[in-house]
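A short write-up of the structure that comes next.
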Amino acid sequence: DPRQADLLRRSQPPCDPAPQTLEPGDYDLSSECGWFIPLSGEGTIDGQPWHAGQCWLIEGEAKVVPSRTAKVLIASL
């Protein structure tokens, strides 16, 4: 699936200051430790709901599923 991406590794080091656009679909994030900050949109991370304005710490692997187009910041620690 072309929508699956190792987004945290793509944004190193340590983050891409430009927001990334995620279209609806499944995205696999993997990192020892990183941040997922949605600026717009909503969806789930491993089945837990997220929405714009939150800040999530990702440890190991996580499946991010936006329910609509989202702008996000992603950074690894």
Side-chain angles (χ1 to χ4, degrees):
D1 183 346
R3 292 180 288 190
Q4 290 188 358
D6 186 349
L7 295 175
L8 288 174
R9 292 201 205 300
R10 260 188 21 203
S11 66
Q12 289 180 6
C15 69
D16 182 348
Q20 297 183 47
T21 301
L22 301 183
E23 297 297 333
D26 294 347
Y27 296 85
D28 294 324
L29 275 67
S30 64
S31 177
E32 289 182 20
C33 193
W35 295 101
F36 175 80
I37 305 165
L39 304 175
S40 67
E42 58 190 24
T44 61
I45 295 178
D46 289 339
Q48 300 297 312
W50 60 264
H51 58 81
Q54 294 180 324
C55 184
W56 288 74
L57 178 63
I58 305 293
E59 295 180 298
E61 296 180 4
K63 182 170 291 259
V64 174
V65 182
S67 56
R68 59 187 171 103
T69 301
K71 294 276 189 192
V72 302
L73 294 174
I74 298 172
S76 60
L77 301 177

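Start at 1 with the first residue, then count along the sequence. Computed from a predicted model, the values in this text were never measured in an experiment.
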Going only through I, L, V, M, F, W and Y residues with side-chain contacts under 4.5 Å, is there a path from Val65 to Tyr27?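 No, Val65 does not connect to Tyr27 through the hydrophobic network.
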Between Val72 and Pro19, is any pair of side-chain heavy atoms under 4.5 Å apart? no
Which atom of Trp50 lies closest to which atom of Ala70, heavy atoms considered: CH2-CB, 3.8 Å
Minimum-distance pair of heavy atoms, taken over all atoms of Pro66 and Gly25: CD-O, 3.2 Å
Extract all donor-acceptor atom pairs below 3.5 Å that involve side chains of residues 38-48 and protein atoms in other chains or at least two apart in sequence.
residue : atom : partner : partner atom : Å
Ser40   : OG   : Lys71   : N            : 3.0
Asp46   : OD1  : Lys63   : N            : 2.8

Taken to the nearest 0.5 Å, the spacing of Leu57 CG from Phe36 CZ works out to 13.0 Å
For Glu61, does the CD atom have more than 12 heavy-atom neighbours from other residues, nucleotides or ligands under 6.0 Å away?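 No - once you tally the heavy atoms of other residues, nucleotides and ligands closer than 6.0 Å, there are 12 at most.
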